[in-house]
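Report on the following structure.
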Amino acid sequence: MSSIINNDILSPISSKRTRKEKLFKICGLSAIIFALSMLIILFITIFSKGYSAFYQTRIKLNINFNEELIDPTGAREITTLNTADYSKLISQSLFKFLNIDKNHPKSSEIKSLISYNSFLTLRDRVLNDPLIIGKTVKINLIASDDVDQMIKGNISLNISEENRKISDFQIEAINKLKSDGAILTVFNKTLFTKSDSREPEVSGVLGAIIGSFYCLFVAVCISVPIGVFAAIFLQEFAKKNKITDFIEININNLAAVPSIVFGLLGLSVFINFFHLPRSSPIVGGLVLALMSLPTIVIVTRASLLAVPDTIRDGAIALGASKMQAIFNQVLPLATPGICTGVIIALARALGETAPLLMIGMIAFIPDTPIAITDPATALPAQIFMWADHPERAFVERTSAAILILLSFLIVMNATAIYIRHKFEKKW
Amino acid sequence: MRQLYILDTNLRRNGKHMAEEQIIPISKFNKLKKSTSKKVTISVQNITVSYNGKIAVDNISMNINQNEVTALIGPSGCGKSTFIRCLNRMNDVIENCTIEGKIILNGINIYNPEVDIVKLRTNIGMVFQKPNPFPKSIYDNIIYAPKLHGLVSNKSESDDLVEKSLTEAGLFNEVKDRLNDSGTSLSGGQQQRLCIARAIAINPSVILMDEPCSALDPIASAIIEELIDTLKKKITIIIVTHNMQQAARVSEKTAFFHLGKLIEFSDTSTIFTNPKQKRTLGYITGRFG
Amino acid sequence: MYVFLAILLCAFYGFYIGKKKPLKLVQNKDLSKLNSNPKYYGYYIFLWCLIPALITFFTLNFFSNFLIKQIVLDLVPEIETISKTNIEFIYDQIKIMASGNADAFNTDENLMLASDKYKELIFIYDASVFLICTCLSAILLIFFQKKISLEFPARKKVEKFIKFFLLICSIVAVLTTVGIVLSLFFESLRFFKQISFLDFIFGFHWSPQIAIREDQVGSSGAFGSIPVLTGTFLITFIAMIVAVPVGLFSAIYLSDYAHKKVRSTLKPLIEILAGIPTVVYGFFAALTVGPFIRMTGESIGLNIVTESALCAGLVMGIMIIPFISSLSDDIILAVPQRIKDGSYALGATKSETMKKVILPAALPGIVGSILLAVSRAIGETMIVVMAAGMSARLTANPFEAVTTVTVQIVTLLVGDQEFDNPKTLAAFALGLELFILTLFLNLMALKIVQKYREKYE
């Protein structure tokens, strides 16, 4: 009996099978394309909404520091200087510039072109240098958010005046300022040097960044040592028994517990039971530490596992105790892996919002926190709060805050990847 | 058979010392075969395989005769596994692997871009080093490929085919009561025979065996060897083996590979009694490898 | 503060002595006679000086706080009539007065008295704690340095301590779980004292408005959690409809079809989706996706609200994609190559191999990863807080606004908190429900994945 080639290998398989194969591949490819396009849309949306927050409109005015208005007695007492009506200086110079009588019925509209908080700028100038009184100085003042949005083209001028944030009279004034070169667009320093504010044009993320930094600091101090030590115990010393099994299941489960539950834990244990201050970075840090602990344990165990037993045996054969072998030989070799894992866990903690809501880190806090027990907010919580404001200017700032948060995350993850590549060892 | 095993272990144990006289006892059994077939199934022409630019198989040409067993022997890393995987284009799965040359099957170069790789593999079956039954029932393991290729259309045909394949692979009596058990529940030798049964279920003209017995004990190996002997009446078999005694027992022709090159290829009786090349002699007498 | 300094000083001195003494004991500098490296004798003394003193300090601190509070508040007249939150406030006031900023507040005679007492007590406490802790440290130092001898197994003892310390660290994880369970359980218990347990579990109406004054209209809220749960499941379901096919097909494509180079770029890119903070997704959903869906609905004549379940579910699905794709990718790759080879060698196409051999083999693992993703979606907070609705509605219509467990927890707890109000406590009951639900899913998923891994190892 002789063997026959039962089919001609040149004839293709049935078209149905080929079609199915192609369809399957297309499904896979389109899934990837869908996921990536969502990523791209997300980034484009945030970026296109947020980039304009990095510059800001200023109005250049000649301010006459009129002595009669500031300090008519000439005594230069601090209290007098503190309480003087600086807003009037601004409106006076504005009226002069635009040739408008101060009793004009719409003069208040003109006043609101300049940010309400601008008088603080003048006051600080005077307090720093009282000799300025009586002089006329050119100062760039922050324009109000509506002016800023109009200059950036975010307010449609075609709709009727009642539905517009900015009146025809104001537009006229702005155009005049513009034609005289008094409107400037500069880098938005306030975004990085100020904390939260009710006025979008003077609000910034400094307080939130510091709050986030404090939280992470507390989280690192607690979760890294505890996590690494716990991992060493479980990986190197623990005997396989019911207790260690239980601890292990516990850790794996904790890694998947919803973050908001950690927030509830923080609220009832740290705030209600231990009476730690509400809204403070120390509580936030503690909660984030507990949250990132399981991840750190899991990553550290993986790094320890990757160090081959020959290293342990080598050290022990030289007369080192098991403890010495692990701390002197194994742990240093596992450090790059641990670092990578820790950074990634912290990056996740940095972006976490829900538990912070539970412990009250979403209060309106215009001051920059100094100590870790001061009330503070955190970057993601600030984003959440700003996202709630209806003003267009806050939408812009929310997106900018997101960009800042994302850039922090990118830097952290890039560091982690760098460490992994630089120190990666193949056993 | 049994005596051969004893010989085999002796050879391994004593290695070099027993040297050349070892050739004689093998030939004494007078079982070494010669090729008698005139028909060529596969003609390999100047095949070179390289991974990432590193040459693994270097310019090999040989003809595989129909309905005979061709054994590929050689020390590990000599390229025989890579070579056998070329014959049904299993190397296509591996990235950065380039193959030059021609392999003619039935008058067609299988590396011709028009060849349907799937169709090719239904013609050239393969059995692997480690038994790899799918984590499914024995029945499903066998019927998987026939179903794919539309060889069966109803339950009774399937049952018949499963029975026939398992019988041909000499496994049916052992497993007929538990066809729904998982294929992974069988012993190693049974698993390997299941894989062979799986391969012959789609009626291939050639079966490639990549060290089919290396993971098995001697008894299971012996059964497989007997199976090979039966199968070759229908199917051309190419077998890669580490075990020279196995090559001597089952094959008509033997090819000796070394460092990616085909050193010697001729009738098994010639290779084991009167090799032309010094390296072949050195290998089969255990000087290296 | 001085206490710490004193204890540390003592401990470091102990370290120094502990290290020196064995060196003096050995003759001819023959260190091999010593049981351990001299460092370990130092560590041994150091630990004995430090740890007991610190433990004493924290224990005293913990109890004295309660004691001082009790004594001080007893001086305040009619303390029994003041509500709990007010007591806290008064105590804070006393503390601030004691620190010298008395003129900032009213100078109530009784409070002045109390604050003076507070100052006095604090001084006594500080002084006594300093004495106790420092003495303890010093006594232990003298006692243990006497124990040092050539045969003393210092290294073993120190290592035993370190091992114990490592064990304590790993127990922190257990303590966290215990903390979660206890805090949720006890607050929920208080809630169920006021609202019947069955009403909460099986109630169909959720409107947690509790009147602040008793005479207000609608003073009794309704706490039936069913509509909240169905809302959660609706959004989770929508998220899964997006994430499971996309995640699974991405994993299949990456593990089986994509080239190594393509794979090594695409995989991290998709994983970026998992690294984006959820608050960003929430913002994206509320600002872009919601209005987009509403407008699309309008253009085809559908009335879709901006805060529809569809919007929150869709964005959550996008977030979940990498969880499913990464885990499934690992699981598909864990199926041994020889099994794939077996299928290819029989003439199966890639998709046939995937559908009939690899996926069935990997199914338990994939189910596990999907369960983990479901647990993730149920517990997800920020996206739904920002993009889903507030009012509980019993509906399966994805175009309507629904609310979720997490949204309700946030709305109930953000803002004023009174811990004897069922409104606040309801958040903990919901939290308990959420925890049990996710715990169940997680344990099941972990078990399945574990079993799967063992099979191929």
Side-chain angles (χ1 to χ4, degrees), chain A residues 17 20-21 24-25 27-29 31-32 34-36 38-39 42 45-46 226 229-230 232-234 237 246-247 249-254 256-261 264-265 267-269 272 290 293-294 297 321 323 347 351-354 357-358 362 380 383-384 387 395 398 402 405-406 409 413, chain C residues 155 159 162-163 165-167 169-174 176-177 179-180 183-184 187 245-246 249-250 252-253 257 266 269-270 272-273 275 277-280 282-284 286-288 318 321 349-351 372 375-376 379 381-382 386 406 409-410 413-414 419 428 431 434-435 438-439 442-443 446:
Chain A
R17 281 176 74 190
K20 273 190 180 166
E21 169 73 22
F24 198 70
K25 195 173 171 182
C27 281
L29 200 59
I32 299 231
F34 174 79
L36 290 184
M38 284 302 149
L39 182 71
L42 180 82
T45 316
I46 304 284
I226 293 184
F229 288 147
I232 292 175
F233 179 78
L234 290 174
F237 292 104
F246 178 69
I247 295 176
I249 292 172
N250 231 303
I251 288 171
N252 285 334
N253 176 57
L254 266 189
V257 165
S259 57
I260 193 168
V261 173
L264 289 174
L265 169 79
L267 176 62
S268 72
V269 172
N272 288 338
L290 291 183
L293 189 65
V297 173
S321 69
M323 188 77 70
E352 199 55 68
T353 325
L357 300 188
M358 296 292 94
I362 51 157
I383 291 169
F384 175 65
V395 172
T398 314
I402 288 176
L405 176 64
L406 287 180
L409 294 181
N413 281 301
Chain C
R155 187 182 55 76
E159 287 188 351
I162 295 176
K163 210 169 150 182
F165 178 68
L166 295 181
L167 174 69
C169 284
S170 50
I171 284 176
V172 169
V174 181
T176 311
T177 311
I180 289 175
S183 60
L184 291 181
E187 305 284 3
V246 175
F249 270 113
S250 308
I252 289 169
Y253 188 84
Y257 285 94
L266 283 185
L269 273 181
I270 289 183
I272 290 180
L273 282 174
T278 52
V279 67
V280 178
F283 182 68
F284 179 61
L287 204 76
T288 313
I318 294 169
I321 290 171
T349 62
K350 274 191 167 180
S351 66
L372 276 183
S375 144
R376 184 102 199 172
T381 310
M382 293 321 292
M386 293 167 86
T406 47
I409 295 176
V410 170
L413 281 185
V414 168
F419 266 81
F428 284 91
L434 181 68
F435 179 73
T438 51
L439 179 77
N442 295 343
L443 288 184
L446 289 172

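Residue numbers start from 1 in every chain, and the chains themselves are labelled A, B, ... in the order their sequence lines are given, proteins ahead of strands. Because the structure is a prediction, the values reported are computed rather than measured.
- Proximity to chain C (any heavy atom under 4.5 Å) is restricted, for A/L293, to the side chain, taken from C-beta onward.
- When each of A/I251, A/I232, A/L290 is checked for heavy-atom pairs under 4.5 Å with chain C, A/L290 comes out on top.
- Taking every heavy atom of both residues into account, A/M323 and C/K163 meet most closely at CE-N, 3.9 Å.
- Contact detail for C/F283 and A/V395: the closest heavy-atom pair is CZ-O, 4.0 Å.
- Looking at heavy atoms from C-beta onward, A/I32 lies out of side-chain contact with C/L269 at the 4.5 angstrom threshold.
- Only the side chain of C/T288 comes within contact range of chain A, with heavy atoms under 4.5 Å apart.
- For the atom pair CG (A/L265) and CD1 (C/I180), the distance works out to 5.0 Å, reported to the nearest 0.5 Å.
- The residue among A/I383, A/T45, A/N413, A/I46 with the most heavy atom pairs within less than 4.5 Å of chain C is A/T45.
- Of the residues considered (C/I171, C/L166, C/L372), C/L166 shows the highest number of contacts with chain A, using heavy-atom pairs under 4.5 Å.
- In terms of heavy-atom pairs under 4.5 Å with chain C, the best-connected choice from A/L409, A/L405, A/I260, A/I249 is A/I260.
- Interface check for chain C: of the options A/L406, A/L234, A/T398, the most heavy-atom pairs under 4.5 Å are formed by A/T398.
- In terms of heavy atoms, C/P277 sits closest to A/G351 at CB-O, 3.4 Å.
- In this structure, the portions of C/L439 lying under 4.5 Å from any heavy atom of chain A include both its backbone and its side chain.
- Of the two parts of A/F384, the backbone and the side chain both hold a non-hydrogen atom closer than 4.5 Å to a non-hydrogen atom of chain C.
- C/L446 pairs by the side chain to side chain contact (heavy atoms under 4.5 Å, CB included) definition with A/N252, not counting sequence neighbours.
- Using a 4.5 Å cut-off between heavy atoms, C/I318 contacts chain A through its side chain alone, with no backbone atom that close.
- Here the closest non-hydrogen pair linking C/G431 and A/L264 is CA-CD1, 3.6 Å.
- A 4.5 Å side-chain heavy-atom check between A/L267 and C/F428 finds at least one atom pair inside the cut-off.
- Contact count versus chain C (heavy atoms, under 4.5 Å) is highest, among A/A347, A/A387, A/C27, for A/C27.
- Interface check for chain A: of the options C/L443, C/L273, C/I252, the most heavy-atom pairs under 4.5 Å are formed by C/L273.
- A donor atom on one side chain and an acceptor atom on the other are not found under 3.5 Å apart for A/S268 and C/E187.
- Neither the backbone nor the side chain of A/P294 has a heavy atom closer than 4.5 Å to any heavy atom of chain C.
- No side-chain heavy atom of A/E352 sits less than 4.5 Å from a side-chain heavy atom of C/V279.
- Here the CZ-OG1 distance, from A/F246 to C/T177, works out to 7.0 Å after rounding to the nearest 0.5 Å.
- Only the side chain of A/V269 comes within contact range of chain C, with heavy atoms under 4.5 Å apart.
- Taking the six-membered ring for Trp and the full ring otherwise, C/F249 and A/F24 have centroids separated by under 6.0 Å.
- A/L254 touches chain C through its side chain: at least one heavy atom from C-beta onward sits under 4.5 Å away, while N, CA, C and O do not.
- Within the 4.5 Å cutoff, the side chain of A/L36 has heavy atoms near those of the C/L266 side chain.
- Nearest heavy-atom pair across C/I409 and A/M358 is CG2-SD, 3.8 Å.
- Contact annotation for C/I321: only side-chain heavy atoms (C-beta onward) come within less than 4.5 Å of a heavy atom of chain A.
- Most heavy-atom pairs under 4.5 Å with chain A, from the set C/S250, C/S375, C/A286, C/G275: that is C/S250.
- Listed options C/Y253, C/F435, C/Y257 were ranked by heavy-atom pairs under 4.5 angstrom with chain A; first place goes to C/Y253.
- Pairing each heavy atom of C/A173 with each of A/N250, the nearest pair is O-OD1, 4.0 Å.
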*asked:* Go through it in stages, so that I can follow the logic: the residues are A/T353 and C/T381, the test is side chain to side chain contact (heavy atoms under 4.5 Å, CB included), and I'd like the CA-CA distance, side-chain angles, deciding distance and then a yes or no.
replied: CA-CA 9 Å; A/T353 325; C/T381 310; over 6 Å; no
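- In this structure, no portion of A/V297 lies under 4.5 Å from any heavy atom of chain C.
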